[in-house]
Amino acid sequence: MNTSHHNSSRPLDASQRAFCELPGDAIRLLAPAGSGKTHALLWRCRKLVHDDPNTKILMFTFTRAARDELSERLKRPEFAHIQANVSMTTLNSYGYQIVKQIMPRSTLMTSKQEKRNCLQAMMPVWRHYPIISQQLEVKYPYKSWDLMFELSDRLKSIGFRHDRLDTFEDFQNRIAMLSKIGMGQMLKKIFSDLFELKVCEQYCLDDLCQLWLLREVEDAYKSRVEAILREIYHNYIKYWCEATAQMIQLGFITLEDQKYIASLYLHEKVKTHDLNPETSRIHHIFVDEFQDINPIDLSFLRALAHLNQTQLTIVGDDDQAIYEWRGASPAFILAPEKFLGTKYVTRLLSTNYRSPQNIVALSQKLIEHNKHRICKRVEAANTMVANVEILSFPEIGDAIAQTVSKVMELLPSGQRIVLISRKRSQLIPYQIVFADLGIAFCAAEDLQIFLSQAFQELRECIQICDQIQHTKSISVDPRNLILTLCDKIKRYPLSRADRAALSQYLLQRSPQSLWEALAHLREYHGPLKGDNSDARQSKRFADILKKLFEATTVSESIDVFGQCFEGLQKDYGKSEDDIFYTDPPFIYLSEFAKKYGSDYQKFCSDIDKAIITLADTQMQSEDEISSVWQRQLHLMTALRAKGREFDTVFVLDAVSDIWPSKQAKTESELEQERRLFYVAVTRARKNLFFVLEGSFGKVSLSPSPFLKEMGLLQSHDEML
């Protein structure tokens with residue numbers, strides 16, 4: 001929950017009053033971090049109801065948590081008389097109400113099994129598309145099945161419509177339009193998924209993903225790109241259009257369909273001029289966090305406003321636009337006239353009520369390096385000066401230990417503390433340490449990494465390494481260990497036939513030790529992930545296992561798993577993350593594990609404690625959610641930190657290639673990374689710590705350039 005300091009009874013400041021008293025709609029309210037946005041929105045509603053007691057107001061929030069917070073504020077005495085006039089909901093929830101009306105027997109698919117049942121029912125469609133059929137009928141199809149739904153939802157989220165892609169030119173024009181409005185990251189992810197499904201040639205990926213970066217390209221290059229786009233259109237897009245229509249007819253819907261199908265319905269009503277009558281008309285529509293909406297949200301909102309013969313009041317902050325990974329674009333809030341078709345009046349909330357003056361100044365200095373933004377002058381209401389420190393350490397192990405120590409010092413003060421990371425894997429060592437110390441913490445659902453099946457497999461492999469180290473003192477079956485590890489080397493396990501053949505071969509050789517079993521594996525000429533008549537695959541497997549057997553510490557073993565075992569290289573989170581970071585935690589685990597030396601059992605024991613701790617924080621009811629969020633200590637990524645505030649903020653690994661991500665290459669991507677850092681910085685009320693390391697393993701690190709942009713560092717030497 002957001003623990004805001006804003007009091008609804010506090011008088012409106014000048015900028016808030018200017019917003020509340022504006023006539024009409026078509027207003028863009030720019031609300032920087034901590035500027036009293038909720039306070040202003042509710043007073044705006046009060047003013048509208050005062051002017052017309054019969055007015056109906058619909059307010060869309062980006063999350064249920066934000067909806068609940070606004071609903072709670074609406075219950076306060078000063079707003080009691082307008083509660084009946086104001087409805088608050090999310091786009092998904094509102095869309096689902098429409099879908100249930102027009103498709104009362106529809107099935108909302110929330111589990112993987114439900115989606116797989118849907119694909120089975122869709123067989124008459126995909127059987128007509130050879131490449132799709134080939135992907136869905138393989139020995140282990142589930143990865144492709146899941147990817148099919150993810151890809152389908154991504155297309156919907158960025159505005160593709162199955163009923164408007166009748167020709168290749170329709171598809172090509174849509175790609176070009178999305179490129180112009182900054183959808184490069186989302187398109188890159190979609191193309192990557194398409195290549196994984198083998199609907200076009202892999203070698204074209206890099207060239208294709210550069211398409212939107214080039215203003216003028218040679219004709220030969222254009223022809224090459226067009227050829228691959230045609231391949232995508234005929235091999236997948238035509239299938240997607242037909243499959244989507246069939247899914248709707250059969251009543252199978254995804255979470256994204258809550259908006260997609262509702263949007264189709266609303267646009268059809270607009271097309272036939274079936275506008276809402278005055279008795280059911282919504283007079284004012286507010287959209288919070290407008291900088292985070294994606295094309296399907298925009299399409300939905302435009303149609304809804306048209307049907308109600310009103311304009312949208314859009315609220316947000318382009319400097320906090322950090323959801324490009326889900327198809328959002330800052331372009332929508334930067335140029336609303338272009339996308340909403342009417343002129344917008346802009347008002348700015350110019351006072352920050354959350355952060356002390358130096359944090360406001362530092363954050364402003366940082367974000368001003370972005371070129372594609374609306375310039376804003378924000379003043380701090382709090383004249384106090386926060387404690388801002390750079391905590392520098394030689395290595396990541398030292399950084400973890402000292403950061404934990406600093407947290408332990410602060411906890412008795414009762415402060416709310418958060419550790420903010422760029423990616424999820426950075427937080428894993430802290431979860432292990434705090435669990436071992438018995439310190440209760442709150443981790444967002446996508447940080448419940450230890451509870452994932454993928455992590456359980458990694459843990460089992462660590463236990464095998466412990467067995468390898470003690471083969472002289474315990475009874476170990478070399479054959480079973482070899483087979484278990486071979487299952488993890490490639491992306492998918494061995495087929496039943498390959499496993500049986502290799503098992504029989506090793507049984508006949510009767511190895512008495514792991515090294516002897518490894519020698520036999522090197523000479524195996526039977527089937528192993530395809531043709532292995534020359535034992536080439538066997539030798540590769542044997543070389544990888546040799547590296548693992550020669551590892552003598554927990555850290556070295558994890559390094560080998562990270563570098564060589566594709567079967568363990570999965571997304572260790574439970575929910576979608578931005579495209580820059582869905583990586584497994586091998587690197588951070590490896591560095592953290594150095595302190596365990598060869599004590600594999602202690603490492604596994606500490607992981608088990610973390611698993612138990614996280615299992616205890618699984619939130620089921622609203623009361624449980626509230627209880628967990630009220631804990632003092634929080635661990636979260638910057639993506640999850642937006643909208644929240646804390647007394648003390650630790651920004652972890654404030655070094656180059658993390659902040660900004662080394663995968664961010666273009667100006668647009670770097671500006672997104674700067675916005676993400678800005679969000680992390682502006683969560684702090686009293687203390688702001690930047691944690692830096694001088695090295696990561698054998699790699700030397702330098703401070704994040706964002707620290708220099710803020711004026712906190714002039715050179716690398718200042719970190720040392």
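Computation of the quantities below employed the complete heavy-atom set of this structure, encompassing side-chain atoms and omitting hydrogens, waters and symmetry-equivalent molecules.
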I'd like to check [X] versus [Y] (side-chain heavy atoms, cut-off strictly below 4.5 Å). Are they in contact?
X: R644; Y: M636; value: yes
X: F191; Y: I232; value: yes
X: V345; Y: R347; value: yes
X: L12; Y: C20; value: yes
X: I237; Y: L155; value: yes
X: L298; Y: L340; value: yes
X: V378; Y: S35; value: no
X: P356; Y: I359; value: yes

Has [X] got a side-chain atom pairing as donor or acceptor with [Y]'s backbone, closer than 3.5 angstrom?
X: R46; Y: E78; answer: yes
X: T682; Y: Y678; answer: yes
X: N92; Y: L255; answer: yes
X: Y233; Y: L165; answer: yes
X: T310; Y: H306; answer: no
X: S106; Y: M103; answer: yes
X: E669; Y: K665; answer: yes
X: S152; Y: M148; answer: no
X: E379; Y: T351; answer: no
X: H369; Y: L366; answer: yes

Check the side chains of [Y] and [X] for a donor-acceptor pair under 3.5 angstrom, ignoring hydrogens and angles.
X: S299; Y: S263; result: yes
X: T254; Y: D153; result: yes
X: S15; Y: D13; result: yes
X: T167; Y: D170; result: yes

Taking atom [atom1] of [X] and atom [atom2] of [Y], what is their separation to the nearest 0.5 Å?
X: R164; Y: C241; atom1: CZ; atom2: SG; value: 12.5 Å
X: W43; Y: E21; atom1: CH2; atom2: CD; value: 11.5 Å
X: L266; Y: I261; atom1: CG; atom2: CD1; value: 12.0 Å
X: L334; Y: F339; atom1: CG; atom2: CZ; value: 9.0 Å
X: I285; Y: L312; atom1: CD1; atom2: CG; value: 5.5 Å
X: S668; Y: E673; atom1: OG; atom2: CD; value: 10.5 Å

Residues [X], [Y]: salt bridge by 4.0 Å N-O rule:
X: R67; Y: E72; value: no
X: E69; Y: R73; value: yes
X: R674; Y: E671; value: no
X: D317; Y: R675; value: no

Looking only at non-hydrogen atoms, find the nearest pair between [X] and [Y] and report the distance.
X: A40; Y: Q16; result: CB-CG, 4.0 Å
X: T61; Y: A66; result: CB-CB, 3.9 Å
X: G327; Y: M186; result: N-SD, 3.7 Å
X: R161; Y: D163; result: NH2-OD2, 2.7 Å
X: A641; Y: I420; result: CB-CD1, 3.9 Å
X: S355; Y: A684; result: OG-O, 3.0 Å

- Task: Evaluate the ring planes of Y260 and W240, with Trp represented by its six-membered ring, and classify them as parallel (under 30°), tilted (30 to 60°) or perpendicular (over 60°).
- Result: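 Taking W240 first and then Y260, their aromatic rings sit tilted (interplane angle of 30° to 60°).
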
- Just say parallel, tilted or perpendicular for the rings of F160 and F171, cut-offs at 30° and 60°.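 If you compare the ring of F160 with that of F171, the planes turn out tilted.
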
- Take R354 and E645, measure what side chain to side chain contact (heavy atoms under 4.5 Å, CB included) needs, and give me the verdict at the end. CA-CA 8 Å; R354 173 192 299 155; E645 52 191 72; 3.1 Å; yes

- Message: Run K189 and D193 through salt bridge (charged side-chain N to carboxylate O under 4.0 Å, His left out) and show every step you take.
- Response: CA-CA 6 Å; K189 177 60 178 172; D193 289 344; 3.6 Å; yes

- Message: Are Y94 and F60, when compared by the centres of their aromatic rings, separated by less than 6.0 Å?
- Response: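 Yes, they do, as the ring centres are separated by less than 6.0 Å.
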
- Query: Aromatic ring centroids of W659 and F677 under 6.0 Å?
  - Reply: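 Close enough - the centres of the two rings lie under 6.0 Å apart.
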
- Task: Take E226 and R230, measure what salt bridge (charged side-chain N to carboxylate O under 4.0 Å, His left out) needs, and give me the verdict at the end.
- Result: CA-CA 6 Å; E226 182 176 324; R230 282 188 183 279; 3.3 Å; yes

- Item | Derivation of the salt bridge (charged side-chain N to carboxylate O under 4.0 Å, His left out) call for R174 and E169 | CA-CA 8 Å; R174 186 65 190 172; E169 286 70 26; over 6 Å; no

- Please name all residues satisfying salt bridge (charged side-chain N to carboxylate O under 4.0 Å, His left out) with E337, sequence neighbours left out, ordered by chain then number.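 E337 satisfies salt bridge (charged side-chain N to carboxylate O under 4.0 Å, His left out) with no other residue.
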
- Message: Among K371, K376, R28, which residue satisfies the salt bridge (Lys or Arg N to Asp or Glu O under 4.0 Å) criterion with D318?
- Response: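 Going through the options one by one, the only one that passes is K376.
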
- Message: Using a 6.0 Å cut-off, check whether atom NE2 of H81 has over 12 heavy atoms from anything other than its own residue.
- Response: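 Yes, because the 6.0 Å sphere around NE2 of H81 holds more than 12 heavy atoms from other groups.
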
- Message: Evaluate L91 against I296 for side chain to side chain contact (heavy atoms under 4.5 Å, CB included), listing each step before the verdict.
- Response: CA-CA 10 Å; L91 283 170; I296 191 174; over 6 Å; no

- Residues R373, E368; criterion salt bridge (charged side-chain N to carboxylate O under 4.0 Å, His left out); working and verdict: CA-CA 8 Å; R373 64 182 292 268; E368 285 171 1; 5.4 Å; no

- Message: I need the full list of side chain to side chain donor-acceptor pair (under 3.5 Å) pairs touching residues 277-294, with sequence neighbours left out, sorted by first then second residue.
- Response: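 Found D25-H284, K37-D288, K37-E289, T55-H284, E278-R281, E278-H283, E289-Q291, E289-K642, D292-K642.
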
- Item | Ring-face cation of R44 near F19 (centre distance under 6.0 Å, axis angle within 45°) |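 Yes, a cation-pi geometry.
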
- Apply the test side chain to side chain contact (heavy atoms under 4.5 Å, CB included) to residues I27 and V315: give CA-CA distance (whole Å), side-chain angles for both, the deciding distance (0.1 Å), then the verdict. CA-CA 8 Å; I27 301 169; V315 183; over 6 Å; no

